[in-house]
J.: 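Sharing a structure below in structure tokens format, with a few things to ask.
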Amino acid sequence: MNQARPAMASGSELLACHECDTLQRMPALQPGQTARCRLCSAILLRYPKGGLDRPIALYSTALLLLLLSNSFPFLLLEIQGRQEITTILGASRALYDAGMGELAVAVFVTTILAPALLITSSLYVLLAVRLHLALPGARHALSWISHLEPWGMLDVFMLGVLVAFVKLGAMATMHTGLSLYAFCGLIVVSAAATAAFEPRLLWRQFARRTGLIHAR
Amino acid sequence: VHLRKPNSLTLTWALLLTAMIAYLPANLYPVMTVVSLGHGQSDTILSGVIYLLLNGDWPLALIVFVASVLVPLLKIVVLIYLLLSVQRKSRLRTAQRTRLYRLVELVGRWSMVDIFVVALLAALVQAGALATIEPGIGALAFTAVVILSMFAAMSFDPRLIWDNEEHQT
């Protein structure tokens, strides 16, 4: 087993595309390059610039922004001298209060829980690999990251905020809260973090550690 | 190694059919009711878009129309087409069908936008003010459509599209 190999695709390795099963040789990737299937052009492997440090920095920032965006007022509404304030959590809370428990859960999961889990578990796995620590459950965390990704709907929620603004703008004055700015930052940073993070690269590191990749 | 998704066709059909059943109440029942001064006004998904078109700006109305009316419908149609084409062992345009599948998987989550709007409106306009906003049954059915069709898209295995290619050559 050759441990001195660089942590990237080695060029002699065969890989079946996960979308069309075509068997092909993996090219050796340079930072910033992406390998696509030659038949169906599915992304086989990305090799983002900045190594592991860049996604770690971005996910840490995202975690901070997530905490900020959930701890201050999100939107303020003025209606005939009265003021109403809501937070992100308040949106799912209002559904719960209205007797729509299932809906409240769906909104809570997509706007708070899934993004929070995505950020923390990505950070956990990245740190485990970066610091060469055998943290418990790192493999499980890595395997559910890709399943979690579509359920974090921060960007969709932002569009909802925009629509709510227009709809209520007619009958009341709307103000933006502090959280809204943190939330906008969160969307940008987590998009950048996703782009800088390639879970498949980490799988290779796990596989290399146990010798699976060379065992054929 | 990516394992094949087991029972992909059956599971996708089941989820898709359930989503189709939920699609009717999702569009027929109101997603929310605005009650002001004892006078209630209900909004369905479509009437919400029309309201935006008349009172807001049309670009936003267009985005919401695409996200909450067009996308769920197209998603269901595309998934039915993909399932049927796999079962009829079609070999036509495999690459395009894969791209279609990728698009469907990517775009589905944007349909949740209407639910977020209802949640935000309900949170902002609370009881005690001049008006209250109550989420309706339609919102529940609509969320079911979005979530079920997302699961349906996930359980579909795009490799099935390419399987027939191999048998023939």
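Below, read A as the first sequence line, B as the second, and so on, with proteins coming before strands; counting in each chain starts at 1.
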J.: Contact part of A:Asp155 toward chain B, heavy-atom cut-off under 4.5 Å: side chain, backbone, both or neither?
T.: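 For A:Asp155, backbone and side chain are both near chain B.
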J.: Would you name the heavy atoms of B:Val117 and A:Gly160 that are closest together and state the gap between them?
T.: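 Closest approach of B:Val117 to A:Gly160: CG2-O, 3.5 Å.
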J.: I'd like to know whether CZ of A:Phe165 has more than 12 heavy-atom contacts from other residues, nucleotides or ligands below 6.0 angstrom.
T.: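 Yes.
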J.: So with a 6.0 Å cut-off around CD1 of B:Ile137, is the heavy-atom count from everything else above 12?
T.: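 Open.
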J.: Near A:His140 NE2, under 6.0 Å, is it more than 12 heavy atoms from other residues, nucleotides or ligands?
T.: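 Not more than 12 within 6.0 Å, no.
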J.: For B:Ala123 and A:Gly90, which heavy atoms make the closest approach, and how far apart are they?
T.: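 Taking B:Ala123 first and A:Gly90 second, the nearest heavy atoms are CB-O, 3.5 Å.
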J.: Among A:Ile85, A:Leu76, A:Leu77, find the one that has a side chain to side chain contact (heavy atoms under 4.5 Å, CB included) with B:Leu124.
T.: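 Between B:Leu124 and the candidates, side chain to side chain contact (heavy atoms under 4.5 Å, CB included) is satisfied uniquely by A:Leu77.
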J.: Counting only heavy atoms not in B:Arg102, do more than 12 fall under 6.0 Å of its CZ?
T.: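 Atom CZ in B:Arg102 is packed in, count exceeds 12.
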J.: Mark yes when over 12 heavy atoms from residues, nucleotides or ligands other than A:Tyr181 sit less than 6.0 Å from its OH; otherwise mark no.
T.: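 No, OH of A:Tyr181 has 12 or fewer neighbouring heavy atoms, counting only those of other groups under 6.0 Å.
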J.: Where on A:Ala42 is there a heavy atom nearer than 4.5 Å to chain B: the side chain, the backbone, both, or neither?
T.: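 Contact with chain B is through both the backbone and side chain of A:Ala42.
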J.: Let me know which of B:Leu52, B:Ile133, B:Leu120 forms a side chain to side chain contact (heavy atoms under 4.5 Å, CB included) with A:Lys167.
T.: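 Considering B:Leu52, B:Ile133, B:Leu120, a side chain to side chain contact (heavy atoms under 4.5 Å, CB included) with A:Lys167 is found only for B:Leu52.
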J.: Taking side chain as everything from C-beta outward and backbone as N, CA, C, O, which of these in B:Val64 sits under 4.5 Å from a heavy atom of chain A? Side chain, backbone, both or neither.
T.: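 For B:Val64, side-chain heavy atoms alone lie under 4.5 Å from chain A.
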J.: Of all heavy-atom pairs between B:Met154 and A:Pro150, which one has the smallest distance, and what is that distance?
T.: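 Answer, listing the atom of B:Met154 first, then A:Pro150: CE-CG, 3.5 Å.
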J.: Heavy-atom distances under 4.5 Å only: say whether A:Met174 touches chain B with side chain, backbone, both or neither.
T.: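 For A:Met174, the side chain is the part near chain B, not the backbone.
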J.: Should the pair B:Phe116 and A:Phe157 be assigned to parallel (<30°), tilted (30 to 60°) or perpendicular (>60°) ring geometry?
T.: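 Answer is perpendicular, since the angle exceeds 60°.
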J.: Identify the heavy atoms of A:Ala94 and B:Ala122 that sit nearest to each other, and give their distance.
T.: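 Scanning both residues, the minimum pair turns out to be CB-C, 3.8 Å.
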J.: Can you tell if the side chain of A:Val166 reaches within under 4.5 Å of the side chain of B:Tyr51, non-hydrogen atoms only?
T.: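 Counting from C-beta outward, A:Val166 and B:Tyr51 never come under 4.5 Å.
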J.: In terms of heavy-atom proximity below 4.5 Å to chain B, should A:Thr111 be classed as side chain, backbone, both, or neither?
T.: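 For A:Thr111, the contact with chain B is made by the side chain alone.
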J.: Could you give the distance from CD1 (B:Ile63) to CG (A:Leu162), rounded to the nearest 0.5 Å?
T.: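 Answer rounded to 0.5 Å: 7.5 Å.
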J.: Test side chain to side chain contact (heavy atoms under 4.5 Å, CB included) on A:Leu103 and B:Phe142 and set out the steps.
T.: CA-CA 10 Å; A:Leu103 219 51; B:Phe142 191 78; over 6 Å; no
J.: Quick one, A:Thr110 and B:Met112 - any side-chain contact, counting heavy atoms below 4.5 Å?
T.: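 Side-chain contact under 4.5 Å: yes.
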J.: With rounding to the nearest 0.5 angstrom, report the CE to CE distance, A:Met100 to B:Met32.
T.: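 CE of B:Met32 is found 13.0 Å from CE of A:Met100.
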J.: Got more than 12 heavy atoms from elsewhere within 6.0 Å of OH, B:Tyr29?
T.: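 Atom OH in B:Tyr29 is not crowded, with 12 or fewer foreign heavy atoms closer than 6.0 Å.
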J.: Can you check whether A:Cys17's main-chain N or O pairs, donor with acceptor, with B:Arg159's side chain at less than 3.5 Å?
T.: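 No.
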